[in-house]
Structure formats: structure tokens, C-alpha cells
Peer 1: 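Attaching a single structure in C-alpha cells format; questions to follow.
Chain naming here is simple, since letters A, B, ... match the order of the sequence lines and numbering starts at 1 in each.
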Amino acid sequence: MAQLKLTNSMGRRKAVFEPLDPANVGIYVCGPTVYNYAHIGNARPAVVFDVLRRVLMHVYPKVTYVSNFTDIDDKIINAALESGQPIESITNKFADIYNADMKALGVLPPDHQPRATETVPEMIAIIENLIARGHAYVAEGHVLFDVPSFKDYGKLSGRSRDEQIAGARVDVAPYKRDPADYVLWKPSPPGYPTWDSPWGAGRPGWHIECSAMAEKHLGLNFDIHGGGLDLTFPHHENEIAQSVCAYEHAGFARVWMHNGFLAVEGEKMSKSIGNVLLVNDLLKHAPGEAIRFALLSSHYRQPFDWTQHGLEEATTTLTRFYTVADTATAPGKVDPEFFDALCDDLNTPLAIARLHALAKAGNGADLKVSAQMLGLLGGDLKTWSAWFTKAIDTAAVDSLITQRNAARSAKNWAESDRIRDQLAALGVAIKDNKDGTTSWSAT
RNA sequence: GGCGCGAUGGCCGAAUGGUGAGGCAGAGGACUGCAAAUCCUUCAAUGCCGGUUCGAUUCCGGCUCGCGCCUCCA
């Protein structure tokens with residue numbers, strides 16, 4: 001069996017993955033802040049690390065997958081203040097929508113899906129340890145992490161502290177001992193959510209939550225931590241600093257994995273451009289499986305340009321794959337070349353190329369089983385096709401086809417072609433079979 | 001300004017120190033009343049300038065272009 005190799009952002013090298021405990025591999029992936037619908041940029045890490053999870057599950061007997069909801073954040077609070085709704089109704093609503101959207105994309109539910117608001121005591125415990133160990137200090141109601149006290153700070157993102165200070169664009173808060181120090185705990189203004197703490201009522205900073213949730217469910221040392229490349233600094237850098245400094249033997253994640261950025265039609269996705277694509281909207285126009293397939297068509301570390309053309313191509317390819325998989329008569333196996341590609345740092349484009357080869361060879365059985373490791377071809381041709389035909393009046397289509405076949409029998413080609421055009425206008429493509437029957441599919 | 005990432009055919013996208021996968025699109029053919037689908041065949045690429053090397057798309061340096069992050073901030 002091929003060895004699984006993964007690129008570790010820490011050190012930027014590809015290496016054979018060796019779990020701490022082969023009997024139970026632990027992985028943590030930063031989840032969404034639940035104050036709005038998930039966009040396609042949120043979907044990429046979810047899908048990419050879901051594939052990693054499936055590959056790991058093929059190799060190891062047990063995988064513990066943890067992904068959180070961030071439900072304490074000023075963005076959420078602002079959304080609550082603007083809409084007049086309680087914070088919980090916003091976070092609950094968008095957490096549910098997120099899970100439904102991810103399910104539609106074929107993402108397996110995490111084994112643990114902790115929420116920041118449920119993990120505040122653990123955050124406070126870490127902060128207390130950091131203060132006790134001389135890595136954090138209290139100033140004006142805030143608790144700050146003492147960045148110079150951690151010599152490895154900046155190792156993940158490749159930044160020295162001096163560089164950060166030289167490049168800082170933001171005014172430094174006066175109570176910071178060092179400009180690089182960041183907030184672990186802060187006071188809440190009136191009307192904001194608060195928790196009691198040894199430093200007064202307040203709320204946690206952003207970064208501490210992932211340290212607390214990862215530690216709670218995976219321990220002080222675990223195998224893999226994933227997330228978007230944009231989280232490398234400061235979020236992941238700070239997670240490392242807190243977790244490693246809070247305990248004697250804490251190493252935190254051993255392998256860091258980051259997926260590349262996502263653009264839309266060649267432009268960066270942003271509210272100001274108005275090109276933010278929500279998964280929820282995309283799902284109205286394409287099956288989730290096609291969205292997933294499109295996202296996997298480039299390597300996870302490469303920048304990804306989401307395009308309508310790419311989505312259409314993914315849809316067409318899946319129709320072809322389902323058509324071939326439908327011919328399978330015996331159980332298949334995971335194709336070795338396909339699996340080798342995935343073991344080489346999740347080379348999904350190369351793996352998909354192998355799926356094309358299996359399809360071309362008419363090997364529907366192996367195609368289906370292999371594709372399922374990517375979270376694809378889990379259904380069958382019938383249910384896949386049904387997604388496209390659901391808006392079509394099948395009785396009307398059947399009636400038109402009957403009329404057309406009558407015209408064909410009479411060799412009235414003009415009438416036959418007219419009806420075919422009429423069907424095409426309804427979004428129906430027809431196929432005259434050798435046995436004289438006519439079948440159709442939605443376009 | 002600092003740090004980092006990327007650049008392969010018309011488009012998407014792998015790989016590699018020694019004749020550069022696969023998909024989409026295009027072209028030709030088979031099939032079809034004509035199509036569609038399918039099958040066969042086929043065209044076509046390593047951003048620019050140097051260096052190392054017998055040989056560079058790959059390694060090193062510089063450049064151009066595109067992108068991300070720069071600390072609790074949208």
C-alpha cells in the first residue's frame with residue numbers, strides 16, 4: 001500500500017505521515033463563524049479536508065475529526081445588533097444552514113463539532129496557565145499573550161517579530177508590552193455577551209477558542225490541523241503559541257495543512273465587488289456533488305478560480321461517470337493508481353484523471369468505489385439524473401416524443417425536427433436508440 | 001514597505017534534471033433520416049532574462065504579472 005505523504009506547512013515540506021497513535025488519528029479543522037451563509041470559499045476547506053478524512057479512514061481504523069463553530073465574534077454581535085435578533089438565534093440558524101449545505105456537498109459530519117460558547121471554561125483554564133507560566137499578563141482588564149516569551153513565535157508563517165513590527169499598519173494599543181502581543185481575554189462593552197472570569201466579566205479573544213476546542217477533544221498533542229491559508233497568520237500562529245506555552249508537554253498539531261485561496265471568475269471574492277457566491281445559492285442551480293467535484297479539480301494547495309464553466313464541466317463529467325458506473329455488475333475495488341495519487345499529498349486532479357481512465361475502460365465497478373473515496377458517485381444514475389429532470393413535465397415530454405416518432409414513421413422530417421427543437425426549448429435532449437425507442441435527458 | 005504564494009496548449013489542470021498526463025473546447029471519421037450520446041483519430045503549452053548542467057519546464061538568482069497576510073479591523 002502506498003504511503004500517505006502530506007505537505008506540512010510547518011517547514012513547508014512533504015513528508016510521510018506518521019500518526020501519534022495509528023489506532024486513532026486526530027484532525028482539527030477551523031470551522032466557520034456563523035453569522036451568515038457559507039460562501040464557496042468556506043466550502044473549499046470543508047471539502048478538501050473531508051477528502052483527507054476519507055483517505056485516512058481507508059488507511060487507519062479510526063479517525064477523530066473535529067471542526068468547530070465560532071459563535072463568539074464581533075461580526076456576530078454586530079449582526080445581532082443590526083437585526084435586533086438574539087445572538088443565539090443567529091448562530092443557531094447559520095450553524096444549521098452550514099451543516100445542511102455541507103451535507104449537500106457530501107461532507108461527512110464531524111465527530112465533534114464544538115462551539116466556542118460551550119468551551120469558555122476551557123479557554124479560561126488555558127489563560128490561567130499562561131499567566132501562571134509567565135506567558136501572559138493582565139493589563140487594563142485585558143489579558144494579553146506575551147509574544148516575546150515564546151521563542152518559536154512566527155515559525156509557522158515564517159515571520160520574525162521584527163518584521164511584523166516594521167510592517168504593522170495598525171496603531172498599537174497602549175496597554176501592550178510588546179506591539180506583537182495579542183488579546184486572550186477582553187472586557188465586554190455594555191450589551192455584549194459576557195462570561196465571568198478571574199479578570200472580570202468579559203469575553204475571549206478570537207484565537208484562544210481553537211486552542212481550547214482542539215485540546216478538549218484531541219488532547220495536547222494531535223496529528224493534523226487544517227484550515228485556509230489565510231488563517232496561517234495570525235490565527236494559527238497564535239493557536240500554537242497559546243497551546244504550547246500553556247502546558248509542560250504540549251506540542252499541539254504535528255502536521256499543519258492549508259488550502260489555497262479561492263477566486264471567482266478571475267477576481268477575488270469580496271462584498272465590495274459583489275461576487276460572493278453562497279453555497280446555498282449555488283445548490284439551487286447545481287447538484288452539491290457537482291460543486292464538490294469542481295472544487296476537487298485542482299490541487300488543494302493551489303489557488304483556485306471558481307468559474308461557471310468549471311461547474312458545468314464537472315456536471316457533464318459526473319453524468320458520464322454515473323453512466324459508466326451504472327453498468328457495474330460486480331463489486332469494485334479502489335484503483336491502486338487512483339489511491340497512489342491521493343496518497344501523494346491529496347493529488348485530486350491526478351486521481352480524477354485516473355477516474356477518466358477507468359471510465360474510458362468501461363470499468364464502472366472500480367470507478368464507483370474509487371470515486372467514493374472522493375465523496376463522489378455515492379448515488380446512482382437514476383437519482384443523479386432526477387436532480388435535472390425534477391423541474392420538467394415528463395408527461396408533456398412523453399407526449400411530444402410520441403408525436404415526433406409518429407412523424408418519423410411518416411418520414412416527415414420537418415415535423416420531427418420541429419418537435420425536437422420544441423423539446424430542446426424545454427431543456428430536454430433526446431436520443432434515438434437503435435431499437436427504435438427514444439430516450440431523453442435534461443440539459 | 002515587510003513576509004509568503006502562484007504563472008504549463010484556446011480554457012481547466014497534473015508531472016518531470018533527459019522525447020510534457022488527463023479533461024473541456026476545436027478538427028476529421030464511424031454511427032444517425034439529420035441530430036444527440038458514444039467510439040476512433042487528431043491539432044495544440046512550460047511568462048521574461050541570466051546562472052549551474054552534457055542536458056532546465058523542473059535547481060539557483062533577477063524581472064514582469066497576478067494573489068494573500070501584516071495581530072482582535074469591514
Peer 1: How about A:His207 and A:His236: are their ring centroids closer than 6.0 Å?
Peer 2: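 No.
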Peer 1: From the list B:A35, B:G23, B:C39, which nucleotide is the closest neighbour of the side chain of A:Glu313?
Peer 2: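 Of all the options, the side chain of A:Glu313 is nearest to B:G23.
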Peer 1: For the pair A:Arg420 and A:Asp417, find out whether any cationic side-chain nitrogen is under 4.0 Å from an anionic carboxylate oxygen.
Peer 2: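 Yes.
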Peer 1: For the ring-ring contact (aromatic ring centres under 6.0 Å, His included) test, which of A:Phe145, A:Trp206, A:Phe233, A:Phe150 pairs with A:Tyr182?
Peer 2: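 Running ring-ring contact (aromatic ring centres under 6.0 Å, His included) over A:Phe145, A:Trp206, A:Phe233, A:Phe150 with A:Tyr182 returns exactly one hit, A:Phe145.
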Peer 1: B:C31 phosphate, OP1 or OP2: any side-chain N/O from A:Lys434 under 4.0 angstrom?
Peer 2: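 So the side chain of A:Lys434 is outside the cut-off, no N or O lying under 4.0 Å from OP1 or OP2 of B:C31.
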Peer 1: Would you please indicate if the ring centroids of A:Phe94 and A:Phe69 are separated by under 6.0 Å?
Peer 2: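 No, they do not, as the ring centres are separated by 6.0 Å or more.
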Peer 1: Using a 3.5 Å cut-off on both pairing distances, which stems of three or more Watson-Crick or G-U pairs include RNA chain B?
Peer 2: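 Stem list for RNA chain B: B:1-7 with B:64-70, B:10-12 with B:22-24, B:26-30 with B:38-42, B:47-51 with B:59-63.
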Peer 1: Any idea which of B:C72, B:C67, B:C34 is nearest the A:Leu144 side chain?
Peer 2: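 Of B:C72, B:C67, B:C34, B:C72 is nearest to the side chain of A:Leu144.
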Peer 1: Salt bridge or not for A:Asp344 and A:Lys14, using N-O below 4.0 Å?
Peer 2: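 Salt bridge between A:Asp344 and A:Lys14, a charged N being under 4.0 Å from a carboxylate O: yes.
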Peer 1: When you measure from the centre of the six-membered ring of A:Tyr137, is the NZ or CZ of A:Arg177 under 6.0 Å away and within 45° of the axis?
Peer 2: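 Judged by the rule, A:Arg177 and A:Tyr137 form a cation-pi pair.
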Peer 1: Report yes if at least one side-chain N or O of A:Asn238 is closer than 4.0 Å to OP1 or OP2 of B:C72; otherwise report no.
Peer 2: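 False: A:Asn238 side-chain N/O out of range (4.0 Å or more) of B:C72 OP1/OP2.
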Peer 1: Tell me which nucleotide among B:U71, B:C73, B:A7 gets nearest to the side chain of A:Asp74.
Peer 2: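 So the side chain of A:Asp74 is nearest to B:C73.
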Peer 1: Just to verify, which of A:Arg301, A:Arg13, A:Lys5 counts as forming a salt bridge (charged side-chain N to carboxylate O under 4.0 Å, His left out) with A:Asp345?
Peer 2: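 When A:Arg301, A:Arg13, A:Lys5 are each tested with A:Asp345, the salt bridge (charged side-chain N to carboxylate O under 4.0 Å, His left out) holds only for A:Arg301.
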Peer 1: Taking only heavy atoms on the protein side, list every residue of residues 353-371 of chain A lying under 4.0 Å from any atom of RNA chain B, sorted numerically.
Peer 2: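 Within this stretch, A:Ala353, A:His356, A:Lys360 sit under 4.0 Å of the strand.
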